[in-house]
Amino acid sequence: MQTLRMNTENLPEFLEALKDWGKLWAPVEREKKVFSLEPIDDVSKARPDALTTIVPFKKLLLKPRFTMMEGPPGGTVKDSRDNDAGPQVFFGAHACDIHSLKILDLLYLSDFVDPYYARNREQLTVVGYGCWPDEQCFCDSMDTSSADDGFDLFLSPLEGRYLVAINTSRGDDIVRATPHLFEEDSPEDAQDYLAYLKRRKEAFTLKMDVDDLPYILELKKDDPVWDELGKKCLCCGSCSMVCPTCSCFNVIDELHEDGIARRVRVWDACLFRDYAVVAGGHNFRKDRADRVKHRYYHKQEAFVRKFGMPSCVGCGRCIEYCPTGINVVEVFQHVRGEL
Ligand code: SF4
Ligand code: SF4
C-alpha cells in the first residue's frame with residue numbers, strides 16, 4: 001500500500017475531483033452533532049470529521065425499498081433496475097464502515113450472489129477517513145477501529161495535512177487524475193501518524209469484553225437476562241435499521257393503482273413480530289424476549305461460528321438510537337454477571 005500526503009486546503013478540490021468517479025456521498029451535519037450520509041453537490045457541506053451518520057452506507061447499496069420486477073397482471077413481467085444507482089463514491093467511511101462492508105460482502109457475494117447488491121457494489125468507490133471515537137462506539141474492542149484493506153483511498157488527519165493510503169488501482173487512478181494535490185510523505189508524517197494512533201486508541205471510553213463471548217452465550221441460553229431484556233425492548237427495529245451489518249429483507253407482491261403489479265424488496269428486521277411467521281401461521285419467535293435475544297445471538301455467536309468473526313463492528317448506532325436506552329455493551333456485561 002502506497003502512502004502520500006495531501007494538505008488540508010486541497011480537500012475541496014479533491015472532493016470536486018471525486019465527483020468524476022460517481023455520485024458523491026458524504027456526511028453532512030443535519031443539526032448540531034447529528035450527521036446523515038447524503039449526496040452532495042456543494043462540497044463545502046461535507047463533514048469528514050463527522051461522528052457516525054444516522055443511517056449507514058448500506059442504503060447506497062440496497063435501497064430501503066425498491067422494485068425487483070413489475071408488469072401488468074397476466075402480462076409480461078420485466079426486471080426492474082430501480083435499485084441500480086450507477087457509480088457512487090462514499091467519502092468519509094469510518095474504519096468500522098469498511099469492516100461492515102466486508103461483512104455485507106460475505107453475506108451478499110459469497111454463497112449466493114445477490115445481483116441487486118452486486119451491481120451497486122462493483123461501482124462503489126470507498127474513500128475512508130480517520131474518525132475520532134465518540135461516547136457510544138466500541139470498535140476498538142471489536143478489532144474494527146482501523147482498516148488495512150476494503151477501501152480505495154483512506155485519509156488519516158494529521159496537523160494541517162492528511163496521510164493518504166492508496167489501496168486499489170481505482171484509488172491510484174483517482175490520485176493520478178489530480179497529481180498536483182499530493183506529495184511524497186515524509187518520516188515526520190510517519191512519526192506524527194504513530195502519535196495520532198496512540199492518542200486515538202487512548203480516546204476510546206467504551207469497551208466491550210468479547211473474550212470467549214460465543215462460548216459464554218452458548219452457556220447462557222436460558223439466562224433470565226433475556227426475559228428482562230424482552231420486557232424493556234419495544235421491538236421497534238430502530239437498532240436494526242441503523243446497524244450497518246443488519247441485512248434482513250422481505251419480498252412483497254403489490255398491485256398498484258396504475259394497474260401494474262410490482263414485486264418489491266424492503267428492509268426488514270428479525271425484531272419485528274411477524275418476521276418468523278411461517279405458512280400456517282406459526283411464529284417461531286413470538287415473544288419479544290426471543291426476538292431480541294435472537295439478534296444478539298446472531299451477531300455474536302452464530303455469525304462467529306459461520307464466518308469466524310462477529311457481525312457487530314462496534315459502531316454504537318444501536319445504543320444511540322434505542323428509544324428505551326438498551327446498550328449492547330451493558331447487555332453483555334449482564335450476561336457475564338458483571339452488572
Ligand atoms: S432499538 Fe431498542 S427497543 Fe427498538 S428493537 Fe432495538 S433494542 Fe429493542
Ligand atoms: S449491533 Fe450496534 S454496535 Fe454493532 S454494528 Fe450494529 S449498530 Fe453497530
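The structure displayed is predicted, hence computed values, not measured ones. Sequential numbering from 1 along the given sequence is applied to the chain's residues.
With salt bridges taken as basic N to acidic carboxylate O contacts below 4.0 Å, none links Lys232 and Glu228. In this structure, Asp97 pairs ionically with Arg317, as a charged nitrogen and a carboxylate oxygen lie closer than 4.0 Å. Salt-bridge formation is detected for the pair Lys306/Asp111: a Lys NZ or Arg NE/NH1/NH2 atom is positioned less than 4.0 Å from an Asp or Glu carboxylate oxygen. In summary, Asp140 and Arg200 do not engage in a salt bridge, as defined by a charged side-chain N under 4.0 Å from a carboxylate O. Glu159 has no carboxylate O lying under 4.0 Å from a charged side-chain N of Arg199, or vice versa, which leaves the two without a salt bridge. At a threshold of 4.0 Å, the pair Arg5-Asp192 does not count as salt-bridged, since none of the basic side-chain nitrogens sits closer than that to a carboxylate oxygen. Between Glu16 and Lys19 there is a salt bridge, since at least one side-chain N of the basic residue sits less than 4.0 Å from a carboxylate O of the acidic one. Classification of Asp290 and Lys286 as a salt-bridged pair fails, no side-chain N sitting under 4.0 Å from a carboxylate O.
Aromatic ring pairs are classed by plane angle as parallel below 30°, tilted from 30° to 60° and perpendicular above 60°; the pair Phe332 and Trp226 is perpendicular. Aromatic ring pairs are classed by plane angle as parallel below 30°, tilted from 30° to 60° and perpendicular above 60°; the pair Tyr162 and Tyr129 is perpendicular. By the 30° and 60° cut-offs, the orientation of the rings of His282 relative to Phe284 is perpendicular.
A distance-only check finds no donor-acceptor pair linking the side chain of Thr53 to the backbone of Pro27 [under 3.5 Å]. The backbone N or O of Leu213 sits nowhere less than 3.5 Å from a side-chain atom of Gln300 that would complete a donor-acceptor pair. Looking at Asp152, its side chain never comes within 3.5 Å of a backbone N or O of Val127 through a donor-acceptor pair. Here the side chain of Arg336 pairs a donor or acceptor atom with the backbone of Asp209 at under 3.5 angstrom. In this structure, the side chain of Asp84 does not engage the main chain of Gly86 through any donor-acceptor pair within 3.5 Å. Remark: side-chain polar atoms of Asn167 are paired, donor with acceptor, to backbone N or O of Phe151 under 3.5 angstrom. Side chain of Lys63 to backbone of Ala85: no donor-acceptor contact under 3.5 angstrom is found. Side-chain atoms of Asn120 come within 3.5 Å of backbone atoms of Asn83 as a donor-acceptor pair (strictly under, hydrogens ignored). Not one N or O on the side chain of Tyr116 forms a donor-acceptor pair closer than 3.5 Å with the backbone of Leu62. When atom types are taken as modelled, the side chain of Tyr196 and the backbone of Ser156 share no donor-acceptor pair closer than 3.5 angstrom.
Taking all atoms of both residues into account, the shortest heavy-atom contact from Ser238 to Tyr321 is OG-O, 2.9 Å.
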Would you please test Phe14 and Asn10 for side chain to side chain contact (heavy atoms under 4.5 Å, CB included) and show each step?
CA-CA 6 Å; Phe14 173 67; Asn10 290 345; 5.5 Å; no
Glu202 vs Lys198, salt bridge (charged side-chain N to carboxylate O under 4.0 Å, His left out): CA-CA, chis, key distance, verdict
CA-CA 6 Å; Glu202 289 166 357; Lys198 186 166 181 290; 3.2 Å; yes
List the steps and the verdict of side-chain hydrogen bond (donor to acceptor under 3.5 Å, both in side chains) for His180 and Glu13.
CA-CA 10 Å; His180 59 286; Glu13 192 179 343; 2.6 Å; yes
Could you check Thr178 against Met6 for side chain to side chain contact (heavy atoms under 4.5 Å, CB included), going step by step and ending with a plain yes or no?
CA-CA 11 Å; Thr178 48; Met6 180 174 81; over 6 Å; no
What verdict does the side chain to side chain contact (heavy atoms under 4.5 Å, CB included) test give for Arg262 and Ser80, after you've listed the backbone C-alpha separation in whole Å, the side-chain angles of each residue and the deciding distance to 0.1 Å?
CA-CA 9 Å; Arg262 293 190 173 88; Ser80 166; over 6 Å; no
Apply side chain to side chain contact (heavy atoms under 4.5 Å, CB included) to residues Leu101 and Leu61 and explain how you reach the verdict.
CA-CA 10 Å; Leu101 194 52; Leu61 296 165; 3.7 Å; yes
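Taking the ring centre of Trp267 as origin, the terminal cationic atom of Lys58 falls inside the region bounded by 6.0 Å and 45° from the ring axis. Cation-pi check for Lys207 over Phe204 is not met; the charged atom does not lie both under 6.0 angstrom from the ring centroid and within 45 degrees of its normal. Arg119 forms no cation-pi arrangement with Tyr117, by the criterion of a distance under 6.0 Å to the ring centre and an angle within 45° of the ring axis.
Within 6.0 Å of the CG atom in Asp143, the count of heavy atoms belonging to other residues, nucleotides or ligands does not exceed 12. Other residues, nucleotides and ligands contribute at most 12 non-hydrogen atoms within 6.0 Å of the CZ atom of Arg263. Atom CZ of Phe307 has more than 12 neighbouring heavy atoms from other residues, nucleotides or ligands inside a 6.0 Å radius.
Each of Val313 and Val210 belongs to its own hydrophobic cluster when Ile, Leu, Val, Met, Phe, Trp and Tyr are linked at side-chain heavy-atom distances under 4.5 angstrom. In the hydrophobic cluster analysis, where Ile, Leu, Val, Met, Phe, Trp and Tyr join through side-chain heavy atoms closer than 4.5 angstrom, Phe182 is grouped together with Leu18. Linking Ile, Leu, Val, Met, Phe, Trp and Tyr whenever their side-chain heavy atoms come within less than 4.5 Å leaves Val328 and Phe303 in two separate clusters.
Checked options His298, His99, Lys299; the residue passing with Thr245 is Lys299 (criterion: side chain to side chain donor-acceptor pair (under 3.5 Å)).
Side-chain atoms of Asp189 and Ser186 form a donor-acceptor pair, as typed in the model, at a separation below 3.5 Å.
In this structure, the side chains of Phe249 and Phe66 stay at 4.5 Å or more apart for every pair of heavy atoms.
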